[in-house]
Structure formats: C-alpha cells, structure tokens
J.: 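Handing you this structure, nothing more for now.
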Amino acid sequence: MSGWTHPESPFHAGEIAIQERLGVRDQIDKQARRIVRDYLPEQHRLFFAQLPFLLVGTVVQGHPWASILVDKPGFLSTPDERTLHVASRPLLGDPLAHHLSEGIDMGLLGIEFHTRRRNRLNGVVVASDATGFTLQVGQSFGNCPMYIQSRTVEWLERAEDFAPPLYELTTLGPPERTLIGTADTFFIATAFRGDAAGRAKGVDVSHRGGKPGFVRIEDERTLMIPDFTGNFHFNTLGNLLLDPHAGLLFLDFKQGDLLYLTGTAELIWEPQAIQAFAGAERLLRFHLTGGRRVVGSLPLRWSDPVCSPFLERMG
C-alpha cells in the first residue's frame, strides 16, 4: 500500500514545531510518509464497517466539540477508498445536532475497546441529509493500542420518543466532577484553522486514557490533564499550539451519560509541574467555556474495564 505521496509534509506547522522541539521531526516525517494516506486501505474499510459507534470532532460556531455517533454495525460504509458514509445523525443534545452540513471539516476516530484497535481519519463533509452524511477522506492512519482500556459493549434498545434530560453548563458541578474524577477515558477535539494564506485546515479528535482520576479537577472551570508518550505525531498538541480552543467528551460507560465540554487549553512544559503527574511528558490545562451533560443519552453499555498494561507506571 502506498503511503503519503504528496510532496508537502503530512504535518502542519504546529505539529512540526513540537516535533522539532523534541528532536523527532525527521524520524516521524519518514514514518508518517509510510503510514499516513489520503485514502482508506481495505483493512480500515472493514474495521469501520463493524463498529457500533464513531467519535467525531467538529468546530461549531468557532468552538471545537467532540461527539459520538452510534448505530448498529454497518452504519459506517465506504462506497470507495476515498469516501466514508455515516448513516446516523447526532444524538439529542449533541452540539453538532443543528450544525451538521456540507463543507464542514471533520475529524473521525474509529475505536474498538475490546481489541484496543483504533483508526483515524479527517476530511470534509461533501453531502448531508436527514439520514446521515458523507465524508471525503483527507488523511487516514492507524494508531497503536496504548492507554486504551478494554471493554465489551452491548446495545440498549429504547423507545423512539426517548428524550434524555439535558443540563447546560458554565461550571463543573458535583455530577460533572464525579464523572470526570472517576474517568479512565475521554476524547479531545482540536482544530487547525489554516495558515496565513488559508491553505491547510482540518479537525482532529483523539483518545486519551489513564488510571481512574488521571484528569485532575483544579476548580469549577479548570482541569489539568497529563499527556503521556504517544506516536509523536502531536496532532492534538500541534493544533493547540496554533489555536488553543478544544472540546472534551467524557462518557459514563455504565449509565450512558455524556458530558460535552468546550473551552481553551494551554500547554504546560515546566518540569516541576509535570513531576506531579507520574509518567507525564507534558500537561494540558483546560479552561471551561461552556458545556452540557445529557443523562442516559448513549444507547450503549460497556463492561468493567481491563486497564491498559501501558498504565502500570502512570499515576
């Protein structure tokens, strides 16, 4: 399979700047040109077809949000290697629900918890209707299984007129603190708005995992998040270096609650601060702008997790 065949780097200026800071640019550029593609290889097409959910990153009215789309396996299909069709619409209460339209940039993450497989892609929505939307692939690549907790999933049948309670947020109250404080998984959406000439742009959504409680609550609007060693692409951090806006999504795997947050995130490089988080390479301080908690929104339920072996040395 051919990799990245374009003369320009598969990375933008923010990602490259962090790779250079850490002395890995040449190594990662060579690696990425082998594994990053502008199409979906056959194994990725088969993988997406078997998933019952999909993580999505978008920018809604200038704010990044992370979302989750769900349906029975088969709702994701690939008419060809450069097209992904999603036969599902956002859940009630999802910030994306009234802003899904043609022309928007989108980052997607397919993840299978029980096998710890994950594949990512980003692209542009080229068609949208009442049944779903179609995405033209811009970049596609696989990720390693690091920090993914293994879980099995079951579908929850419920009435078509189900209307989950929704709470708008400007601060983190007790229910939100409980969900965040016990979380071993969340997802983060970030965006690259383009260079001065308006050329490159895109959205990314990434998985983050750690031991329960690895996200620290500093106050009612601030979270401190450790950043562990990864694939050195620095898609999330590279975006934040150029644009500090971010969206977070926390899932209650037992009750189906969804916590959507949006705000800004700053990179923390100071060694003294980082030492407070065992295993962290960097930190993100997230400042809440707004959010919403939707009770029982997700029609999926997961088993108790088996923690990733990569977390043994992490705090």
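All heavy atoms count here, side chains included; hydrogens, waters and symmetry mates do not.
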J.: Check step by step if side-chain contact (heavy atoms from CB on, under 4.5 Å) holds for Leu259 and Leu261.
T.: CA-CA 6 Å; Leu259 177 60; Leu261 304 176; 3.8 Å; yes
J.: Start with the C-alpha distance between Leu248 and Leu223, add both sets of side-chain angles, then the distance that settles side-chain contact (heavy atoms from CB on, under 4.5 Å), and finish with yes or no.
T.: CA-CA 11 Å; Leu248 310 183; Leu223 304 177; 3.9 Å; yes
J.: Would a distance-only check, ignoring hydrogens and angles, find a side-chain to backbone donor-acceptor pair under 3.5 Å from Asn239 to Leu242?
T.: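 Absent.
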J.: Walk me through it: do Val205 and Ile188 pass the test side-chain contact (heavy atoms from CB on, under 4.5 Å)?
T.: CA-CA 5 Å; Val205 64; Ile188 179 168; over 6 Å; no
J.: Within a reach of under 6.0 Å around CD of Glu266, are more than 12 heavy atoms found that belong to other residues, nucleotides or ligands?
T.: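 Yes, enclosed.
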J.: If the threshold is 4.0 Å, N to carboxylate O, is there a salt bridge linking Glu218 and Arg285?
T.: yes
J.: Between Phe253 and Phe113 (judged by ring centroids, cut-off 6.0 Å), do the two rings come close enough to count as a pair?
T.: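 Between Phe253 and Phe113, the centre distance is under 6.0 Å.
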J.: List for me each residue that meets salt bridge (Lys or Arg N to Asp or Glu O under 4.0 Å) alongside Glu312, sequence neighbours excluded, and say none if there are none.
T.: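 Result, salt bridge (Lys or Arg N to Asp or Glu O under 4.0 Å) vs Glu312: none returned.
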J.: Look at the side chain of Glu176 and the backbone N and O of Gly173, then say whether any donor-acceptor pair between them is shorter than 3.5 Å.
T.: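 Yes, Glu176 side chain to Gly173 backbone: donor-acceptor pair under 3.5 Å.
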J.: Main chain of Ser2, side chain of Arg37: is a donor-acceptor contact present, judged purely on distance under 3.5 Å?
T.: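 Here the side-chain-to-backbone pair exists.
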J.: Are Phe53 and Trp302, when compared by the centres of their aromatic rings, separated by less than 6.0 Å?
T.: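 Yes: the rings meet the under 6.0 Å criterion.
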J.: Less than 4.0 Å between a side-chain N and a carboxylate O, is that true for Arg292 and Asp94?
T.: no
J.: Does CD in Gln272 sit with more than 12 non-hydrogen atoms of other residues, nucleotides or ligands closer than 6.0 Å?
T.: no
J.: Near His6 NE2, under 6.0 Å, is it more than 12 heavy atoms from other residues, nucleotides or ligands?
T.: yes
J.: Within the side chain of Thr182, is there an N or O that forms a donor-acceptor pair under 3.5 Å with the backbone of Thr178?
T.: yes
J.: Please assess Ile180 against Phe186 for the test side-chain contact (heavy atoms from CB on, under 4.5 Å), listing each intermediate value before the final yes or no.
T.: CA-CA 9 Å; Ile180 295 169; Phe186 76 94; over 6 Å; no
J.: Roughly how far, to the nearest 0.5 Å, is CZ of Phe11 from CH2 of Trp4?
T.: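 Those atoms lie 10.0 Å apart.
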J.: Just how far is it from atom CZ of Phe228 to atom CE of Met146, taken to the nearest 0.5 Å?
T.: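 With rounding to 0.5 Å, CZ (Phe228) is 9.5 Å from CE (Met146).
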J.: Test: salt bridge (charged side-chain N to carboxylate O under 4.0 Å, His left out). Region: residues 18-29. Which pairs qualify, not counting sequence neighbours?
T.: Glu20-Arg25, Asp29-Arg33
J.: What about the rings of His207 and Tyr147, do their centers lie closer together than 6.0 Å?
T.: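 Not close enough - the centres of the two rings lie 6.0 Å or further apart.
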J.: Quick check against the 3.5 Å criterion: does Arg116 have a side-chain atom that pairs as donor or acceptor with the backbone of Ile148?
T.: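 Side chain of Arg116 to backbone of Ile148, a donor-acceptor pair under 3.5 Å: yes, one is there.
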J.: Can Thr152 and Ser303 be said to form a side chain to side chain donor-acceptor pair (under 3.5 Å), step by step?
T.: CA-CA 5 Å; Thr152 56; Ser303 65; 3.1 Å; yes
J.: Mark yes or no for whether Gln149, through its side chain, and Ser308, through its backbone, hold a donor-acceptor pair below 3.5 Å.
T.: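 Yes; judged by distance alone, with no hydrogens or angles, the pair exists.
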J.: Would you call Arg151-Asp304 a salt bridge at under 4.0 Å N-O?
T.: no
J.: For the rings on Phe141 and His44, is their centre-to-centre separation under 6.0 Å?
T.: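 Ring centroids of Phe141 and His44 are no less than 6.0 Å from each other.
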J.: Can you tell whether the side chains of Asp38 and Arg82 come within less than 4.0 Å, N to carboxylate O?
T.: yes
J.: Is it the case that more than 12 heavy atoms not belonging to Glu154 sit under 6.0 Å from its CD atom?
T.: no
J.: Any chance you could lay out the side chain to side chain donor-acceptor pair (under 3.5 Å) test for Ser206 and Thr236, step after step, and finish with the verdict?
T.: CA-CA 7 Å; Ser206 295; Thr236 297; 3.1 Å; yes
J.: Could Glu112 and Arg118 be called an ion pair, given the rule that one side-chain N must be under 4.0 Å from one carboxylate O?
T.: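 The answer is no: the pair does not qualify as a salt bridge.
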J.: Let me see the working for Ser128 and Arg89 under side chain to side chain donor-acceptor pair (under 3.5 Å), right down to the final yes or no.
T.: CA-CA 10 Å; Ser128 177; Arg89 298 290 295 186; 3.2 Å; yes
J.: Establish, yes or no, whether a centroid distance under 6.0 Å links the rings of Phe48 and Phe75.
T.: no
